[in-house]
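In what follows, a single structure is set out as structure tokens and then discussed.
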2 protein chains.
Amino acid sequence: MDIVAMDTETQSEIVHDKQSCTAGVTGIRDALYVLNGKWKLPLIFSLSGGPMRFKDIQRSLGDITPKILTKELKELELNEFVVRNVFSTTPVTITYQLTPYSQSLDRVLLELKDWGIKHRQRIVASRKSRGIKLSKLTH
Amino acid sequence: MDIVAMDTETQSEIVHDKQSCTAGVTGIRDALYVLNGKWKLPLIFSLSGGPMRFKDIQRSLGDITPKILTKELKELELNEFVVRNVFSTTPVTITYQLTPYSQSLDRVLLELKDWGIKHRQRIVASRKSRGIKLSKLTH
DNA sequence: CGGAATCCCAAAAGATACTG
DNA sequence: CAGTATCTTTTGGGATTCCG
């Protein structure tokens, strides 16, 4: 019994009673619920440089198929992260642009991006890297 | 250098030439590659309070099945986020605990958690909330 | 308790082709 | 260019049962 003991807790700076823990888990699950999947976060990040056209987004993400991109864009529209603009040029021009609300994700994106970059460096530098997951980018 | 300035990018504080954009997309995709799915981030967050046993993790996440939890824990072990401890008590006791490396995710987790909490508040407060995605927590 | 085994379904994602 | 349409494969995830 109580083998786990009440020690070990000194490591974490974060307050972590059961209340705040489940609240935290809920927060993270809520976030992931709208930002799920392989593409939404990269897509939002890509758009954070300014409005882009369909084909340009596709290129910037590397290898997403149009079908998936269409679906992701629609979901992001529904959740008010993205707006679709239609310009009556000939031929018609369409751009996708982030909403102000999506800027609330800036810090998340920044932290995730930095972490990913460092993680890649760690894996590449490590001799133990065999068998450890790392995506086969960059195309 | 005036990197940001050369075109119409004045709106974004983030430097966003094509180079750094694809680098950023790659970073985010690398991060998501190891942290994919519905459970890994909530799981890591949950463990950040200290070592936990299988059943306790399961409870803290609400509704994950043992099969999925086993799979997620193994993947996190492979990627050196989690360590599995076996204590030779009777019956045997097993705990899972975060590695030091997983602490590099603290800021990501923090930002994501905060965003998720604010997002939920926004959805709940909004009259336009119908049709907008929000997970049906908390149990 | 800490899982493993099996079965099953739905969703995610990819390939390819095609259209206005 | 900006998507649709189809088809297929893969994965994620849930339910249930069982075991030491």
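Chain naming here is simple, since letters A, B, ... match the order of the sequence lines and numbering starts at 1 in each.
- Here the C1' atom of nucleotide dA12(C) and the CD atom of E75(A) are 10 Å apart, to the nearest Å.
- For H119(A) and Y33(B), the side-chain atoms include no donor-acceptor pair closer than 3.5 Å.
- Rounded to an integer number of Å, the gap from L69(A) CG to dA12(C) P is 15 Å.
- Taking 4.0 Å as the cutoff to heavy atoms of chain B, we find the contact window on DNA chain D bounded by dG12(D) to dA15(D).
- Computed from coordinates, the F54(A) CZ to dT19(C) P distance equals 18 Å when rounded to whole Å.
- Every side chain to side chain donor-acceptor pair (under 3.5 Å) that S60(B) has, sequence neighbours left out, goes to S46(B).
- Between dC1(C), dT6(C), dA15(C), one nucleotide has an atom nearer to the side chain of K67(B) than all others, and that is dT6(C).
- Checking the phosphate oxygens (OP1, OP2) of dA4(C), a side-chain nitrogen or oxygen of T70(B) falls inside 4.0 Å.
- A donor-acceptor pair is defined here as one N or O able to donate and one able to accept, closer than 3.5 Å; such a pair exists between the side chain of Q58(A) and the backbone of I64(A).
- The distance between atom CG of N36(A) and atom P of dA12(C), rounded to the nearest whole Å, is 7 Å.
- A salt bridge does not link K38(A) to E72(A): none of the charged side-chain nitrogens sits closer than 4.0 Å to a carboxylate oxygen.
- When the P atom of dA11(C) is taken as reference, atom NZ of K71(A) falls 11 Å away, rounded to whole Å.
- Separating the CG atom of L73(A) from the C1' atom of dA12(C) is a distance of 16 Å, rounded to the nearest angstrom.
- When each of I64(B) and D56(A) is assigned the nucleotide of DNA chain D bearing its nearest heavy atom, the one mapping closer to the 5' terminus is D56(A).
- Spacing between atom CZ of R84(B) and atom C1' of dC1(C) amounts to 12 Å, rounded to whole angstrom units.
- Distances shown here put a side-chain N or O of R53(B) below 4.0 Å from the OP1 or OP2 atom of dG2(C).
- With respect to the salt-bridge test (charged N to carboxylate O, under 4.0 angstrom), the residues K113(B) and D30(A) do not qualify.
- Judged by distance alone, the side chain of S102(B) and the main-chain N or O of T99(B) form a donor-acceptor pair under 3.5 Å.
- For R59(A) and D56(A), the salt-bridge test passes: some basic side-chain N is under 4.0 Å from an acidic carboxylate O.
- Among the protein residues, P66(A) comes within range of the nucleic acid bases, having at least one heavy atom under 4.0 Å from a base atom.
- In this structure, CD1 of I94(A) is placed 12 Å from C1' of dG20(C), rounded to the nearest angstrom.
- Along DNA chain D, the nucleotide closest to P91(A) and the one closest to K74(A) are compared, and the more 5′ of them pairs with P91(A).
- Residue contacts for E72(B): at a heavy-atom cut-off of 4.0 Å it reaches the sugar-phosphate backbone alone, with no base atom in range.
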